[in-house]
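Here's the structure, in structure tokens; my notes come after.
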Amino acid sequence: MQLEQTSRNVFDTLPNEGHTFRNREVLSSTYIPEDFPHRNTEIDQVAHILRPALEGSRPSNILIYGQTGTGKTAVAQHIRRQLEAKVTLQGSAIHTAYINCKQVNTPYGILANIGQTYTTDWDDSIPHTGWRLEQVYTALCRKADESGAIAIVVLDEVDALVKKSGDEVLYHLTGINSDLSAARMSLIGISNDTKFTTFLDPRVKSRLGEESLVFPPYNAVQLRDILHQRAEQAFYEGALDPQVISLCASRAAQEHGDARKALDLLRIATEMAERDSAQRVTIDYVSRAENMMEQDQVRKVVLQLPLQHKAVLAAILANESQSRLDRQTTGDVYDTYGRVCLRFELDALTQRRIGDIISELDMQGLISARVVSLGRHGRTRLISTAIAFSELQPIITEDSFMSEALDLATEGGLVRTQLRLM
Ligand SMILES: Nc1ncnc2c1ncn2[C@@H]1O[C@H](COP(=O)(O)OP(=O)(O)O)[C@@H](O)[C@H]1O
Ligand SMILES: [Mg+2]
């Protein structure tokens with residue numbers, strides 16, 4: 001059927017955008033730039049350690065530490081690309097693999113993923129289940145030796161692997177060279193957590209950390225350079241107000257120098273400006289983007305709480321919204337929580353356990369629980385929400401348990417207050 005000429009396409013009726021982004025992709029989280037301002041020293045260090053691979057010998061294993069957003073993943077991917085470009089040029093026998101251990105976090109998965117980079121028929125020849133780890137390991141050694149190459153294997157977020165599955169697979173991988181005849185393997189482990197090696201077997205720890213380096217957090221000036229470099233490619237001239245980049249940089253610098261946060265702020269601010277068909281991105285949009293990101297963060301935390309935590313949070317909110325108790329004790333929370341449990345047939349935990357949950361909610365920044373002294377009556381905690389009710393309410397309405405619990409606890413509260421008044 002032919003479309004009628006008069007029918008309007010919804011895309012044609014959108015307001016005219018496109019004066020801002022020259023290349024949107026440049027600000028996306030998966031984009032890997034060609035240059036890395038303020039990371040040249042680190043890149044040179046890693047390249048220096050890996051250079052022996054181009055001459056046919058095995059480089060040392062490397063451990064890279066640094067907080068989130070310090071460029072670890074992007075730099076590792078960049079170096080991997082550079083290495084591959086060199087291989088194409090020189091025809092060296094180098095093989096590279098990249099695994100994100102947050103996504104692949106079982107010993108089997110790690111070995112299979114490395115195996116798949118050697119051969120396209122790995123999946124056909126190795127069963128997905130039923131094999132012991134040693135068998136999969138032996139198959140991997142065979143494939144590696146068939147290739148005869150030096151493999152550089154990046155294990156990104158390796159701390160997640162150790163937390164989930166222990167260090168068994170790292171024990172195998174860091175010892176693999178004594179089981180290989182023609183091939184060699186080097187590992188690059190990347191971790192956000194500097195303390196994760198304390199959970200490792202000492203042998204694994206020393207083998208994996210033959211070389212180690214730290215990516216320090218960026219300061220505001222460095223973040224500004226990083227944003228400038230991206231902005232040049234991403235935007236048309238004049239699309240940004242002059243202070244926009246500095247503001248994004250200084251906000252992200254306050255949060256442990258996170259380049260991802262800086263880039264996200266800039267991207268979201270720009271998208272908001274586009275939606276408004278604004279002529280340029282102003283600092284006002286940066287503030288709005290920051291609010292939205294914070295709100296998203298709170299939403300994620302609240303919606304992912306376990307049920308008991310939700311019940312406790314609902315109890316605290318109910319007490320507070322009655323304005324009977326702008327500062328409540330653990331006992332007050334426990335009373336209201338008890339009613340919620342009764343209504344939802346939830347097993348009521350002990351008051352002591354509720355005390356623990358209150359501490360956890362405090363650590364997550366949802367509530368504040370302050371210890372105060374009652375003189376000779378000992379000490380108690382005074383509890384209040386740390387986020388405005390108006391901000392929490394829309395999130396709670398998304399969660400049927402929390403909104404029902406809140407309604408119920410609020411009604412109960414009213415009844416009780418009225419009884420008290422009589
Ligand atoms: N020095 C830098 N130059 C350019 N972009 C950078 C730099 N450092 C980080 N980035 C960018 O910041 C974002 C976060 O970096 P990423 O490598 O994912 O951090 P990490 O892995 O340390 O958490 C990515 O989009 C990355 O391209
Ligand atoms: Mg990373």
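Computed from heavy atoms alone, side chains included, the values below leave out hydrogens, waters and symmetry copies. Sequential numbering from 1 along the given sequence is applied to the chain's residues. As the structure lists them, so they are numbered: ligands from 1, and atoms in each ligand from 1.
Of the listed options Glu42, His78, Arg260, Arg260 places a heavy atom closest to atom 14 (C) of ligand 1. Among Leu263, Ile226, Asp156, the residue whose heavy atom lies closest to atom 6 (C) of ligand 1 is Ile226. Atom 7 (C) of ligand 1 has its nearest heavy-atom neighbour, among Phe215, Tyr218, Tyr31, in Tyr218.
Protein heavy atom closest to atom 27 (O) of ligand 1, with residue, atom name and distance, is Arg230 NH2, 2.6 Å. Looking from atom 1 (N) of ligand 1 to the surrounding protein, the closest heavy atom is Pro37 O, 2.7 Å. Among all protein heavy atoms, the one lying closest to atom 22 (O) of ligand 1 is Lys72 NZ, 2.7 Å. Gly69 N, 2.7 Å is the protein heavy atom nearest to atom 23 (O) of ligand 1. Scanning the protein for heavy atoms near atom 10 (N) of ligand 1, the closest one is Ala259 CB, 4.0 Å. At the shortest separation from atom 21 (O) of ligand 1 among protein heavy atoms lies Thr73 OG1, 2.7 Å.
Looking only at atom types and distance, the side chain of Tyr334 has no donor-acceptor partner in the side chain of Arg352 under 3.5 Å away. A donor and an acceptor atom, one from each side chain of Lys72 and Asn192, are located under 3.5 Å apart. If you check the side chains of Thr73 and Asp156, you find a donor sitting under 3.5 Å from an acceptor. Of the N and O atoms on the side chains of Arg381 and Ser359, at least one donor lies less than 3.5 Å from an acceptor on the other residue. For the 3.5 Å distance criterion, the side chains of Asp276 and Tyr285 qualify, holding a donor opposite an acceptor.
Using a 4.0 Å cut-off to heavy atoms of Thr68, the atoms of ligand 1 that qualify are 23 (O). Taking a cut-off of under 4.0 Å to the non-hydrogen atoms of Gln67, the atoms of ligand 1 that pass are 22 (O). Ligand 1 places these atoms under 4.0 Å from at least one heavy atom of Arg39: 1 (N). The contact set between ligand 1 and Gly71, taken as ligand atoms under 4.0 Å from a residue heavy atom, comprises 8 (N), 9 (C), 15 (O), 16 (P), 17 (O), 19 (O), 20 (P), 22 (O). Annotation for ligand 1: atoms under 4.0 Å from non-hydrogen atoms of Ala74 are 17 (O), 26 (C), 27 (O).
Proximity of Ile367 to Ile387: side-chain heavy atoms (C-beta onward) are nowhere separated by under 4.5 Å. Side chains of Asp159 and Lys195 form no contact here, defined as non-hydrogen atoms less than 4.5 Å apart. Residues Leu366 and Thr385 fail the side-chain proximity criterion, which asks for heavy atoms closer than 4.5 Å.
Residue contacts with ligand 1: Thr70 is placed with a nitrogen or oxygen under 3.5 Å of a nitrogen or oxygen of the ligand (distance criterion only).
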_Test log, rule salt bridge (charged side-chain N to carboxylate O under 4.0 Å, His left out), inputs Asp121 and Lys143_ = CA-CA 11 Å; Asp121 69 358; Lys143 287 292 177 200; 3.7 Å; yes

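The nearest N, O or S atom of Thr73 is closer to the Mg ion (ligand 2) than 2.8 Å.
Not a single heavy atom of Gln77 sits closer than 4.0 Å to an atom of ligand 1. Not close to ligand 1: Gly66, with no non-hydrogen atom less than 4.0 angstrom away.
Checking side-chain atoms of Asn23 against main-chain N and O of Ala234 turns up no donor-acceptor pair under 3.5 Å. Here the side chain of Asn177 pairs a donor or acceptor atom with the backbone of Met185 at under 3.5 angstrom.
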